[in-house]
Amino acid sequence: MRKNAPRTAVALGTGLLAVALVLSGCSASGGTGGTGGTTKTVSQADIDKAMDTPTTLTFWSWVPDIKNEVALFEKKYPKVKVKLENVGQGPRTTRRSARR
C-alpha cells in the first residue's frame, strides 16, 4: 500500500491547496451573490499567503494510513490544521452477497 503514498500525498496536497485557495479567495460581491462573478487569476503570492494563514480544513477520506500524509502536509504548512474525517468505504459487495 505504501507504494502509492507519494501519489496520495500529492493528491492530498493538491486538494487541500485548492480548498485553501477557494477559502482565501472568497469575498463579498455587490450583486445577488450568484454565479455571475468574475474570474481572478491566483498568483503564487496569493497561494503563499493562503498557506501561511491560520486555517482549519475538514478533510474527508477513506484511504488507509492517510493520517501520515496529513501529518506531512501539516508539517510543511504549520498554520493549516487538518481535521481528518474517516468517512468509510461504504458497504462492501461480494459476488456472493450480490447474488442474493
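Because only heavy atoms are used, hydrogens play no part in the values below, and waters and symmetry mates are left out as well, while side chains stay in. By convention here, the first residue in the shown sequence is residue 1.
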Does Glu85 form a side-chain contact (heavy atoms from CB on, under 4.5 Å) with Thr58? I'd like the steps, not just the answer. CA-CA 7 Å; Glu85 299 269 340; Thr58 301; 3.5 Å; yes
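With a 6.0 Å radius and a threshold of 12 heavy atoms from other residues, nucleotides or ligands, Lys67 has its NZ atom at or below the threshold.
Taking a cutoff of 4.0 Å between a charged side-chain nitrogen and a carboxylate oxygen, Glu74 and Lys76 do not qualify as a salt bridge.
Residues meeting the salt bridge (Lys or Arg N to Asp or Glu O under 4.0 Å) test with Lys40, sequence neighbours left out: none. Listed by chain and number, the residues in a salt bridge (Lys or Arg N to Asp or Glu O under 4.0 Å) with Lys79 are Asp52 (sequence neighbours excluded).
Counting all heavy atoms, side chain and backbone alike, Asn86 lies closest to Trp62 at OD1-CA, 4.1 Å. Between Ser61 and Leu84, the closest heavy-atom pair is CB-CD1, 4.2 Å.
With values rounded to the nearest 0.5 angstrom, Thr53 atom OG1 is found 13.0 Å from Tyr77 atom OH.
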